[in-house]
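Report on the structure given below.
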Amino acid sequence: MNEVPHLMEHIDFDTTFLVFDLLAVFMFAASGALTAIRKKYDFIGVFMLSFVSGLGGGLIRDAIFIQAGPPKAVTDSKYLLVILGAFVLSLIFHGSMHRLKRTVILVDALGLGAYGVVGAEAALQEGLVPLAAVLVGIFNACGAGLIRDVLIREEPIIFKPGQFYAAAAILGCGIFVGMVELGHADHTLAAILATLTVFLMRILSIYFDWQTRPVLDEDDRS
Amino acid sequence: MNEVPHLMEHIDFDTTFLVFDLLAVFMFAASGALTAIRKKYDFIGVFMLSFVSGLGGGLIRDAIFIQAGPPKAVTDSKYLLVILGAFVLSLIFHGSMHRLKRTVILVDALGLGAYGVVGAEAALQEGLVPLAAVLVGIFNACGAGLIRDVLIREEPIIFKPGQFYAAAAILGCGIFVGMVELGHADHTLAAILATLTVFLMRILSIYFDWQTRPVLDEDDRS
Amino acid sequence: MNEVPHLMEHIDFDTTFLVFDLLAVFMFAASGALTAIRKKYDFIGVFMLSFVSGLGGGLIRDAIFIQAGPPKAVTDSKYLLVILGAFVLSLIFHGSMHRLKRTVILVDALGLGAYGVVGAEAALQEGLVPLAAVLVGIFNACGAGLIRDVLIREEPIIFKPGQFYAAAAILGCGIFVGMVELGHADHTLAAILATLTVFLMRILSIYFDWQTRPVLDEDDRS
């Protein structure tokens with residue numbers, strides 16, 4: 001927030017974040033809609049799950065952690081229109097969306113980092129402690145998936161061993177908050193570095209199929 | 001809120017809404033209690049599920065979406081007393097309550113619409129955007145059932161194909177917000193029309209057994 | 001808050017409550033971590049469940065019911081550090097923690113009552129009605145376990161017949177709010193009495209294996 005280096009001068013931080021925020025909301029909503037369609041829900045179920053998935057992360061961030069008035073999602077029509085768009089597009093194109101798999105993975109990897117940063121930045125701006133900012137970032141990035149899994153009665157995928165997903169978000173939020181709070185780095189610079197780190201970690205873990213492991217090994221007591 | 005037609009003059013909007021709000025809370029609480037009894041929970045489980053079901057919709061509305069101080073439910077004793085009443089009555093009369101099935105369906109159909117309108121109206125009064133007001137209305141009407149199903153580990157019934165329930169609530173909230181925001185209609189008039197539409201749609205869908213269908217047909221890929 | 005008896009004069013109410021609050025957060029977080037380890041989650045799953053379990057009760061209290069700005073847990077680093085500590089200790093010592101079973105039961109029984117009182121007191125201070133204060137106390141004491149069970153897809157243990165757990169919390173919160181609101185008793189005195197009652201009821205119910213029973217008996221209709 002303090003010193004802005006010259007190369008950053010013409011990047012509008014707020015607009016960039018709004019775009020990432022809306023992009024993430026769109027992707028979360030579409031992912032919720034497609035999950036609902038696959039679970040053979042009716043169009044109401046698809047509608048509800050689009051909204052809950054699209055709003056989930058932001059609502060946890062604004063309503064549970066930050067609490068500075070009504071969440072952005074309900075005072076700015078753009079968010080709900082984006083979700084409505086994701087809902088309608090998913091209804092129409094769900095048959096052919098599996099062909100976009102590679103694109104979705106790239107956008108998702110980019111969104112994961114960016115959305116973590118959006119949450120952490122919002123928390124810092126409201127005066128939350130740094131550790132809490134990291135936590136809010138993580139929930140902003142992973143909360144929607146958590147809520148979606150709970151609602152459709154599947155064990156939350158981020159809890160179970162698999163490719164680095166939440167781990168990448170945690171690292172990214174840690175880098176962003178660390179650079180800004182400890183290193184007094186420029187927020188835009190920190191945001192870009194953190195987002196790229198998450199992106200790389202996520203893509204590499206998919207490409208090389210890196211897997212996390214259960215904490216409890218077989219030789220432990222149950 | 002602007003012009004009040006003569007025939008509406010002696011209907012007190014706030015009192016009417018309080019009555020519907022309390023009626024809906026009572027029904028949601030009783031429905032939660034009866035579900036808990038059927039699931040063989042102990043009296044604590046019945047107690048907890050009565051409260052969570054009774055408060056669920058209103059808490060989502062007040063605490064997640066609107067955020068203007070503590071929810072009404074915890075600053076006005078009437079709400080908790082009504083839930084306590086529903087809890088006690090369910091404990092005593094659960095054996096004979098299935099005889100009231102027809103009455104319950106009628107009251108539930110009336111409450112569904114009224115509660116959607118209550119939520120949408122509260123959202124509009126707090127300055128939320130119209131689309132958000134529709135969403136808050138839907139969650140106010142259907143949120144309690146959603147929370148109840150998640151807590152007792154059943155797949156939320158409103159997600160799955162069935163008779164028009166959430167669909168009726170969505171239509172009703174859309175009519176109310178549309179009339180008030182686009183048509184600048186009187187709020188009481190819009191509320192009555194929206195509630196009656198939900199009531200009719202719900203009763204007809206039960207009578208004729210109208211069913212929604214999964215979005216995904218058998219010929220699609222899974 | 002009004003008259004403070006002499007024997008209470010040198011007990012600092014706020015400090016005592018902070019200590020109990022942190023102790024309860026630690027225990028809830030450790031309990032969440034150990035559950036996640038047993039469920040074979042990876043270290044991210046253990047991390048997330050530690051935080052959700054540790055913060056759960058307090059977040060429900062502050063963010064859903066009381067709503068006076070950001071929850072304490074995200075504006076005071078002590079809470080998150082305590083959870084981080086519980087997470088790390090659980091990772092290291094989970095193999096030997098079953099040897100501490102007796103200690104954990106004693107501390108848990110003490111924490112259950114204290115945490116209920118902490119929630120009820122916070123609610124009263126923010127002007128909630130007495131009945132709501134009892135409810136907030138119950139959710140403060142039992143909310144973390146409820147959220148933990150929902151997230152790991154197990155039927156919430158507090159709903160089902162078993163030893164007196166939530167029942168003890170309800171009794172304790174009722175005693176505290178009753179003494180303070182009806183009897184105008186000193187808050188510290190009421191807190192101690194309520195906590196001890198919960199502790200005794202819990203320990204006795206474990207020792208003598210008192211069990212609650214389903215409301216629905218076999219001779220009822222399903």
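Per chain, numbering begins at 1; letters A, B, ... match sequence-line order. Heavy atoms only: backbone and side chains are in, while hydrogens, waters and symmetry mates are out.
- When each of C:Ile170, C:Leu131, C:Leu146 is checked for heavy-atom pairs under 4.5 Å with chain B, C:Leu131 comes out on top.
- Both the backbone and the side chain of B:Phe43 come within contact range of chain C, judged by heavy atoms closer than 4.5 Å.
- Between C:Asp62 and C:Gln67, the side chains place no donor N or O within less than 3.5 Å of an acceptor N or O (distance only, hydrogens not considered).
- Under the 30°/60° scheme for interplanar angles, the aromatic rings of C:Phe65 and C:Phe139 are found to be tilted.
- Remark: C:Ala144 engages C:Phe28 in a side-chain contact (heavy atoms from CB on, under 4.5 Å) (not counting sequence neighbours).
- For C:Ile66, the part sitting under 4.5 Å from any heavy atom of chain B is the backbone (N, CA, C, O) and nothing else.
- Under the side-chain contact (heavy atoms from CB on, under 4.5 Å) rule, B:Ile83 has a single partner from B:Val52, B:Leu55, B:Val88, which is B:Leu55.
- For the residue pair C:Ala168 and C:Met201, the shortest heavy atom distance occurs at CA-SD, 3.8 Å.
- At a 4.5 Å heavy-atom cutoff, C:Tyr165 makes no contact with chain B through either its backbone or its side chain.
- Both the backbone and the side chain of C:Ala167 come within less than 4.5 Å of a heavy atom of chain B.
- Proximity to chain C (any heavy atom under 4.5 Å) is shown, for B:Tyr79, by neither the backbone nor the side chain.
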